[in-house]
2 protein chains.
Amino acid sequence: MIRRLSQPRERGIPEATVARLPLYLRALNGMSERGLATVSSEDLAHAAGVNSAKLRKDLSHLGSYGTRGVGYDVEYLIYQISRELGLTQDWAVAIVGVGNLGRALANYGGFVSRGFRIAALLDADPDVVGDHIAGLNVEHIDELETVIRQRGVSIVVLATPATAAQQVADRVVAAGVTSILNFAPVVLSVPEGVDIRKVDLSIELQILAFHEQRKMDRMTGGAAMAEEWPEAVDL
Amino acid sequence: MIRRLSQPRERGIPEATVARLPLYLRALNGMSERGLATVSSEDLAHAAGVNSAKLRKDLSHLGSYGTRGVGYDVEYLIYQISRELGLTQDWAVAIVGVGNLGRALANYGGFVSRGFRIAALLDADPDVVGDHIAGLNVEHIDELETVIRQRGVSIVVLATPATAAQQVADRVVAAGVTSILNFAPVVLSVPEGVDIRKVDLSIELQILAFHEQRKMDRMTGGAAMAEEWPEAVDL
DNA sequence: TAGATTGTTAATCGATTAACAATC
DNA sequence: TAGATTGTTAATCGATTAACAATC
């Protein structure tokens, strides 16, 4: 049975919809804090930065949780989206690699928010092991498998150097983890059934540069840049 | 004239293709370092983690840079993709917000890679201003407009707290910046023509949790979770 | 020439959007 | 009832993929 890595449906929620549910949830939480009881698709869509047709289509995949002529009950919708995303249970997260980025992630408020709990910080550097960061003791990478099993870690965040990422990925997968958030700038190779999401800062910058360049081309009257391989460049 | 924010084509390169070009570039750089002269679409696609049909389709949007029966010249393709992405010029980047994340970004090697140069680090906290990070002096946020104009900053990275992000975005847009990489967990509102890319750690985690939950449902025989709003919950 | 591999075609699939009937 | 707003339909658009003719 061949299945592609990121399997879209199960109870049939499109991947594009799943990726937007967290946005709706965040907007709804803000409304909840401000004491709003109900919200229309128009207002919620605006707060989340999408158009209202898309929002209604997305929510329709979860069920019929709105009321025609009225809108959506804020608290009820928060609950339904949270449940759909699996945030009504508690996920133990391990962060591997406690350099600048790992520290930033450990201290990032959004991480410890609803549904997630940092269960371990691990690093290979003896100088870092033993440090206290965000209320946690940094443990040695040798403890990786033990920590994963004993603390029920189901999501691992890779904030290691690029050179170490594949090796750590192999180990966490062998230990049974099937969800990895990868900050290392490498393409990880993992078995089918393991979900990887990748956050890549330099890729985001490069995409911005592409669009920025187009804007500048436009402003300078689309000055035709040399299309040819410059003669001077040494191959 | 109404145009959507992220305008896909100009010389007609699909947005999905643009987002993959950095992956190809990274794989090609690795091959260049290992001394490979040419590469087939099959091998390059494998290294980048996509299928070869998609790779060839993507590259065909840039031009005909391959040789049938042979493959692609590694150095030549690096040059063509770099040029397309605008990496043959130098982009001055300012990082606003020098907390844990801002420090991590400033020290992140990929940032200072080909095409990008950190031109300024800015923060509002007087205790942070004056710190030396990654060889740069942290400057006060009051200098934002001056720094942007004098140093030709064209890309701003927002690593501020969520509460400050919109205000800073307004200021950098007013100063003429049209490309923003936003790490703050808020939906920024910006005028048409300003490109925003968003990196959101908690959203990535939530998407992973969704898939993880599905896998667990499957393993436990799809144990039907309560679909209904629990009676006990207090609205 | 024979073998290899690109660039393109065309079919398919998934996502977006406007419009509106259903219904509160 | 009249007004408001959802949930769904259907059209459109863009992305993916396999297959293969072109051609080195």
Side-chain angles (χ1 to χ4, degrees), chain A residues 2-21 23-24 27-28 31 36-74 76-77 80-81 84 207, chain B residues 2-21 23-24 27-28 31 36-74 76-77 80-81 84 207:
Chain A
I2 293 178
R3 290 206 300 195
R4 261 174 294 109
L5 266 188
S6 69
Q7 200 59 7
R9 43 205 54 211
E10 180 64 34
R11 207 156 76 232
I13 300 188
E15 197 54 39
T17 295
V18 172
R20 282 187 297 263
L21 291 179
L23 291 175
Y24 304 152
L28 285 163
M31 289 165 176
L36 280 172
T38 62
V39 65
S40 68
S41 63
E42 192 64 50
D43 289 351
L44 179 52
H46 181 80
V50 303
N51 81 38
S52 67
K54 189 186 282 181
L55 171 82
R56 289 196 301 277
K57 185 79 163 144
D58 283 341
L59 293 185
S60 76
H61 288 111
L62 310 192
S64 289
Y65 296 141
T67 306
R68 287 166 143 100
V70 177
Y72 300 89
D73 182 292
V74 171
Y76 184 51
L77 196 53
Q80 291 297 348
I81 294 178
E84 196 65 53
I207 296 171
Chain B
I2 292 177
R3 291 207 300 198
R4 264 178 290 110
L5 267 187
S6 69
Q7 201 57 6
R9 41 206 56 210
E10 179 64 34
R11 207 157 74 231
I13 300 188
E15 197 54 40
T17 295
V18 171
R20 281 187 296 265
L21 291 179
L23 291 175
Y24 305 151
L28 285 163
M31 289 165 176
L36 281 170
T38 62
V39 65
S40 68
S41 62
E42 192 64 51
D43 290 351
L44 179 53
H46 181 80
V50 304
N51 82 38
S52 67
K54 190 186 282 181
L55 171 81
R56 290 197 299 278
K57 186 78 163 146
D58 282 342
L59 293 185
S60 76
H61 288 110
L62 310 193
S64 289
Y65 297 141
T67 306
R68 289 165 142 102
V70 177
Y72 301 88
D73 182 291
V74 171
Y76 184 51
L77 196 51
Q80 290 298 347
I81 294 178
E84 196 65 54
I207 295 171

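Just so we're on the same page: letters track the sequence lines, and every chain starts at 1. The basis for the numbers below is simple: all heavy atoms, side chains too, and nothing from hydrogens, waters or symmetry mates.
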* Within this structure, what is the CD-to-P distance between A:Glu15 and C:dT16, rounded to whole angstrom? -> 12 Å

* Between D:dG7 (C1') and A:Leu44 (CG): distance, integer Å -> 15 Å

* Positions of residues 49-56 of chain B (non-hydrogen atom under 4.0 Å from DNA chain D), listed by number -> B:Asn51, B:Ala53, B:Lys54, B:Arg56

* Asked: Under the salt bridge (Lys or Arg N to Asp or Glu O under 4.0 Å) rule, what pairs show up with a residue in residues 50-62 of chain A, not counting sequence neighbours?
  -> A:Arg20-A:Asp58

* Please give, in whole Å, the distance from D:dT6 C1' to A:Leu62 CG? -> 14 Å

* Between A:Tyr72 and C:dC24, does any side-chain N or O lie under 4.0 Å from OP1 or OP2? -> no

* Of B:Asp58 and A:Gly63, whose closest DNA chain D nucleotide lies nearer the 5' terminus? -> A:Gly63

* **B:Ile207 vs A:Glu15 side-chain heavy atoms within contact, under 4.5 Å** => yes

* Both distances under 3.5 Å, Watson-Crick or G-U wobble: report the partner of D:dT23, or none. => C:dA4

* Structure fact -> Atom OH of B:Tyr65 and atom P of C:dG7 are separated, to the nearest Å, by 11 Å

* Whole angstrom is fine here: how far is it from CG in A:Leu59 over to P in C:dA15? => 16 Å

* Structure fact -> From the candidates C:dT6, D:dT6, D:dA15, the one with an atom nearest any side-chain atom of A:Ser40 is D:dT6

* Structure fact -> Separation between CG (B:Leu28) and CG (B:Leu23), nearest 0.5 Å, reads 11.0 Å

* Structure fact -> Distance col, row A:Leu62:CG vs A:Leu77:CG, nearest 0.5 angstrom, shows 7.5 Å

* To do: Taking the side chain as every heavy atom from C-beta outward, state whether B:Thr38 and B:Thr67 have any pair of such atoms under 4.5 Å apart.
  => no

* To do: Drop me the distance from A:His46's NE2 to A:Ser40's OG, to the nearest 0.5 angstrom.
  => 11.0 Å

* To do: Would you kindly check whether a donor in the side chain of B:Arg68 faces an acceptor in the base of C:dT6, or vice versa, at under 3.5 angstrom?
  => yes

* Pairwise 5' ranking along DNA chain C for B:Thr67 and B:Lys57, keeping only the more 5' one -> B:Thr67

* Less than 4.5 Å apart, any side-chain heavy atom of A:Leu59 and any of A:Tyr65? -> no

* Measure from CD on A:Glu42 to P on D:dA4 and round the result to the nearest Å. => 13 Å

* Euclidean distance, atom CG of residue B:Leu77 to atom P of C:dG7 [Å, nearest integer] -> 9 Å

* To do: Please state how far atom OH in B:Tyr76 lies from atom P in C:dT6, giving the value in whole angstrom units.
  => 15 Å

